[in-house]
Amino acid sequence: MDIQENTQEKPLDFIRQIIADDLRSGKHAAIVTRFPPEPNGFLHIGHAKSICLNFGIGLENNGPCHMRFDDTNPSKEESAYVESIMRDVRWLGFDWGKNLFYASDYFDQLYDYAVQLIRMGKAYVCDLTGEQIREYRGTLTEPGRESPYRNREVAENLDLFQRMRAGEFDEGSRVLRAKIDMASPNLNMRDPVIYRILKVAHHRTGDRWCIYPMYDYTHCISDAIEGITHSLCTLEFEDHRPLYDWVLDTLATPCHPRQIEFARLNLTYTVMSKRKILQLVNGGYVQGWDDPRMLTISGLRRRGYPPSAIRSFCAQIGIGKKESWIDMGVLEDAVRNDLNETAPRVMGVLDPIKVIIDNYPESRVEEMEAQNHPQRPEMGARMLPFSREIYIEGSDFMENPPKKYFRLGPDREVRLRYAYLIRFVSMVKDEKTGEIVEIHCTYDPATRGGTAPDGRKVKGTIHWVSANQALACPVRLYDRLFTVAHPDAEKDVDFKDYLNPDSMKILDNCMVEPALAGMEPGSQVQFERQGYFCLDLIDSKKGRPVCNRIVTLRDSWAKEQGR
RNA sequence: UGGGGGAUGGUCUAAUGGUAAGACAGCGGACUCUGACUCCGCUUAUCGAGGUUCGAGCCCUCGUCCCCCAGCCA
């Protein structure tokens, strides 16, 4: 697979420029990056940006990109998340080869480094409570005060730290802190906690440890151990960089990677934070983490997004330091572009209305040849059964059509795609409801295939399925989860108030062409004139498809009507 | 009123002292057996004020606005 598809001719983003400079100057002969998720939740489209960046840079420079789980907080982490994260990254098309790591692999080394820090007089065991530590830390504008335990002897610190590890003290009773500067204007430098007691089993190390290292201390050392050259993270870690550098400058680590921060992804019409996504799942607003309306990787997969579309989206939005909101339309555009190239075309009628072709022989069934992709003849053709009774789309007939309506109506002629020209004769309405229940037409036998030998022009072409051979197929129409571009913009309004009540519509009466019966769950198709759909991975069975709408086609008629 | 970042069309991204470019959105048109695709055209931007320079989005100065930081989370 050519994963570099969209990275070829674009100008380099600022991170890739730094990397190119480092290569050119000889600072580095090779590049090593890493993707460092915490296994405490599912990956979403925002992570995809980071994945594409880190693995993309790896691919471009023939350098590895390590997969490293940042698993230093066992109270939140589970191996189930490890599995799902690996699955999602692989599905996105990336491969870490043998470079699978866990921060927990480094617990022994991390401990040894901490002992070194103590020996250097650069770390101390502090007995202050959490609350006291906060009080001593000072505020944004006032310096902090030194802990009364700050000047403990090295020997005492060593002893206490060893006993912390041995489990002699209660959770929360003591921590190990780096001794830096309580007056620093950067709060992260005011003697940050680097180890805390957590009497919790770890998903990988079990009960071996009851003290666990903190992120700031762990991440930089893990990077250094692995020989990472460029450690890419999001903007909120900018303030942490001085601490990242302090640890690596203080300790004799194998190398000193450079941390570079970039802006995280924000998308309109959705929420991105783990906390809010969790609320949607736990509150039953969506049907789980892989609900097709969710922008989790698993949700996108279930929705039918090809990984290549997500990759090209990530390439398109670029990397910068400015906080930005990408319009959902850009993501949708990326899927349409991708699927337009690859998805076979198919006939599917979502809101069937029966058409009876009065002059067509009752028992006859013809086979009409239909292209699988009009622009790609190499994708071949299939045969569509045609007969006297067919279904067409409810919206393709109007009793009183407005101007510029090209479809079927009284006294009109339209083309049935790949079949015949038909002309309206009459319609039958339900006596009680007034609803149109069937339409009678005649066909022109001379127009087989869809072209009139007399050269007469027919503006409208509509899709159809043969009533007898059609396959009933439940369809779910998905739409944006929220009705406003920035659902979580207002602090005093619950973002859930903006949930789109029509984000999922379930249609039970859809009729699709028989070819769908032979398709594998997960396959993507275009229902001509309607949109891209996929056969649901879970609910579709061979021969009994259930389809999800991935995205609609652009629809200039709908736009016209909206005016 | 501490520290760290950031400001280019409606939204993203580029221009690395030398014609402000591309994508998405929008508008208009062509083509069309998908009102799709494709193609053509158009509208819309350098936060402000000074300065340096032949020349500034880019360099300097002073402002303005926005974001992040006071977890024993990552």
Side-chain angles (χ1 to χ4, degrees), chain A residues 10-13 17 36-38 40 70-73 75-77 126 128-130 133-135 137-144 171-177 184-190 192-198 211-212 214-216 218-219 233-242 261 263 268 274 316-334 336-337 340-341 345 347 370-371 373-375 404-407 414-419 421 449-451 458-463 485 526-531 552-561:
Chain A
K10 287 194 71 175
L12 299 183
D13 57 66
Q17 281 185 41
E38 182 189 13
N40 71 342
D70 233 326
D71 55 351
T72 56
N73 186 355
S75 57
K76 292 185 175 179
E77 296 151 5
C126 182
L128 256 22
T129 65
I133 287 181
R134 197 186 326 129
E135 285 164 10
R137 186 152 35 221
T139 68
L140 293 178
T141 51
E142 300 157 28
E171 210 171 287
S173 63
R174 281 177 230 260
V175 293
L176 184 72
R177 300 175 70 175
S184 171
N186 181 346
L187 305 235
N188 294 123
M189 300 299 270
R190 319 241 264 226
V193 171
I194 58 176
Y195 263 93
R196 76 292 214 188
I197 299 170
L198 243 31
I211 58 171
Y212 292 93
M214 300 283 289
Y215 166 83
D216 285 309
T218 308
H219 200 87
C233 63
T234 44
L235 253 26
E236 66 270 27
F237 291 101
E238 247 163 344
D239 283 347
H240 296 242
R241 184 166 11 107
E261 311 84 13
T268 58
K274 270 183 191 169
Q316 214 172 114
I317 59 176
I319 300 292
K321 295 198 70 152
K322 181 171 78 172
E323 301 180 52
S324 57
W325 286 86
I326 308 291
D327 196 288
M328 183 67 85
V330 178
L331 214 209
E332 291 168 348
D333 182 66
R336 286 194 190 101
N337 279 335
N340 179 46
E341 296 299 319
R345 316 281 121 131
M347 302 280 203
Q371 296 300 309
H373 194 305
Q375 281 80 37
K404 294 200 217 169
Y405 185 82
F406 307 144
R407 310 170 190 180
V414 293
R415 172 166 35 239
L416 295 175
R417 181 123 159 112
Y418 297 124
L421 266 37
T451 38
V458 181
K459 181 87 175 161
T461 298
I462 65 176
H463 58 277
Q526 183 197 95
F527 284 10
E528 291 211 25
R529 305 207 304 134
Q530 315 223 61
T552 61
L553 250 32
R554 279 201 193 81
D555 188 349
S556 56
W557 168 242
K559 205 180 277 178
E560 172 81 29
Q561 282 178 306

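Residue numbering restarts at 1 for every chain, and letters A, B, ... go by the order of the sequence lines.
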- Please identify each residue that fulfils salt bridge (charged side-chain N to carboxylate O under 4.0 Å, His left out) with Glu323(A), with sequence neighbours left out. none
- Atom-pair distance (CG on Asp333(A); C1' on A25(B)), nearest Å: 10 Å
- Message: Distance check, P atoms only: U43(B) and A21(B), in whole angstrom units.
- Response: 11 Å
- Task: Just jot down the side chain to side chain contact (heavy atoms under 4.5 Å, CB included) partners of Leu553(A), sequence neighbours excluded, or say none.
- Result: Gln526(A), Tyr532(A)
- Whole-Å distance, Gln526(A) CD to A36(B) P, equals 11 Å
- How would you label the contact of Gln375(A) with the nucleic acid (heavy atoms, under 4.0 Å): base, sugar-phosphate, or nothing? base
- Item | Pairwise P distance, C60(B) and A74(B) [rounded to whole Å] | 38 Å
- Message: If the condition is side chain to side chain contact (heavy atoms under 4.5 Å, CB included), which residues does Leu140(A) pass it with, not counting sequence neighbours?
- Response: Leu187(A)
- Give one of base, sugar-phosphate or nothing for Arg407(A), where a contact means two heavy atoms less than 4.0 Å apart. base
- side chain to side chain donor-acceptor pair (under 3.5 Å) involving Thr234(A) - partner list, sequence neighbours excluded: Glu236(A)
- Message: Taking G4(B) as the reference, what is the distance to C54(B) when you measure between their C1' atoms (whole Å, please)?
- Response: 39 Å
- Give Tyr405(A) one of three labels, base, sugar-phosphate or nothing, depending on what nucleic acid heavy atoms sit under 4.0 Å from its own. base
- Task: Measure from CG on Asp555(A) to C1' on C37(B) and round the result to the nearest Å.
- Result: 14 Å
- Task: Find the distance Glu560(A):CD to C27(B):P and express it as a whole number of Å.
- Result: 10 Å
- Rounded to the nearest Å, what distance is computed from the CE atom of residue Met328(A) to the P atom of nucleotide C12(B)? 15 Å
- Message: Taking the C1' atom in each of A30(B) and A49(B), what is the distance between them to the nearest angstrom?
- Response: 48 Å
- For Asn337(A), what residues pass the side chain to side chain contact (heavy atoms under 4.5 Å, CB included) criterion, not counting sequence neighbours? Asp333(A)
- Message: At under 4.0 Å between heavy atoms, how does the protein contact nucleotides 64-74 of chain B? Give one character per nucleotide, 5' to 3', with B, S or -.
- Response: ---SBBBSBSB
- Message: Test your reading of the model: is there a side-chain donor-acceptor pair from Asp327(A) to the backbone of Thr268(A), 3.5 Å cut-off?
- Response: no
- Message: Distance check, C1' atoms only: C58(B) and A7(B), in whole angstrom units.
- Response: 14 Å
Could you pull out the protein-nucleic contacts involving nucleotides 38-48 of chain B (nitrogen or oxygen on both sides, under 3.5 Å)?
none

- Item | P atoms of C67(B) and U11(B), separation to the nearest Å | 16 Å
- Message: Check whether Arg336(A) reaches the backbone of Gly531(A) with its side chain - one donor and one acceptor, N or O, closer than 3.5 Å.
- Response: no
Provide a list of protein-nucleic acid N or O atom pairs under 3.5 angstrom, restricted to nucleotides 13-17 of chain B.
unit_1: U13(B); atom_1: OP2; unit_2: Lys322(A); atom_2: NZ; d: 3.4
unit_1: U16(B); atom_1: N3; unit_2: Gln17(A); atom_2: OE1; d: 2.8
unit_1: U16(B); atom_1: O4; unit_2: Gln17(A); atom_2: OE1; d: 2.7
unit_1: U16(B); atom_1: O4; unit_2: Gln17(A); atom_2: NE2; d: 2.1

- Task: Identify which nucleotide among A36(B), C27(B), U32(B) has an atom closest to any side-chain atom of Lys459(A), counting heavy atoms from C-beta outward.
- Result: U32(B)
- Message: Taking Asn340(A)'s backbone N and O only, do any of them form a donor-acceptor pair with His373(A)'s side chain (distance below 3.5 Å, no angle check)?
- Response: yes
- U32(B) OP1/OP2 closer than 4.0 Å to side-chain N/O of Thr461(A): no
- Pick base, sugar-phosphate or nothing for Pro374(A), based on heavy-atom distances below 4.0 Å to the nucleic acid. base
- Considering only the P atoms, how many Å lie between G3(B) and C62(B), rounded to the nearest integer? 14 Å
- Message: Donor-acceptor check, side chain of Thr461(A) to backbone of Arg415(A), threshold 3.5 angstrom: yes or no?
- Response: no
- Query: How does RNA chain B look in dot-bracket form if you count Watson-Crick and G-U pairs under 3.5 Å, write [ ] for pairs that cross, and put | where a base pairs with another strand?
  - Reply: .((((((..((((....[..)))).(((((.......)))))....(((((..]....))))))))))).....
- Message: Suppose we screen for ring-ring contact (aromatic ring centres under 6.0 Å, His included). Which residues come up paired with His240(A), at least two apart in sequence or across chains?
- Response: Phe237(A)
- Item | Closest-nucleotide ordering on RNA chain B, the 5'-leading residue of Ala419(A) and Thr141(A) | Thr141(A)
- Message: Taking only the C1' atom of each, what is the distance from G18(B) to A56(B) in whole angstrom?
- Response: 10 Å
- Item | Interatomic distance where CG belongs to Leu553(A) and C1' belongs to C37(B) [whole Å] | 9 Å
- Which part of the nucleic acid does Glu332(A) contact within heavy-atom distance under 4.0 Å: base, sugar-phosphate only, or nothing? nothing
- Message: Tell me every residue that passes salt bridge (charged side-chain N to carboxylate O under 4.0 Å, His left out) with Lys321(A), counting only those two or more places apart in sequence or in another chain.
- Response: Glu238(A), Glu261(A)
- Query: Which residues satisfy the side chain to side chain contact (heavy atoms under 4.5 Å, CB included) test with Asn73(A), sequence neighbours excluded?
  - Reply: Glu38(A), Ser75(A), Lys76(A), Glu77(A), Arg196(A), Leu198(A)
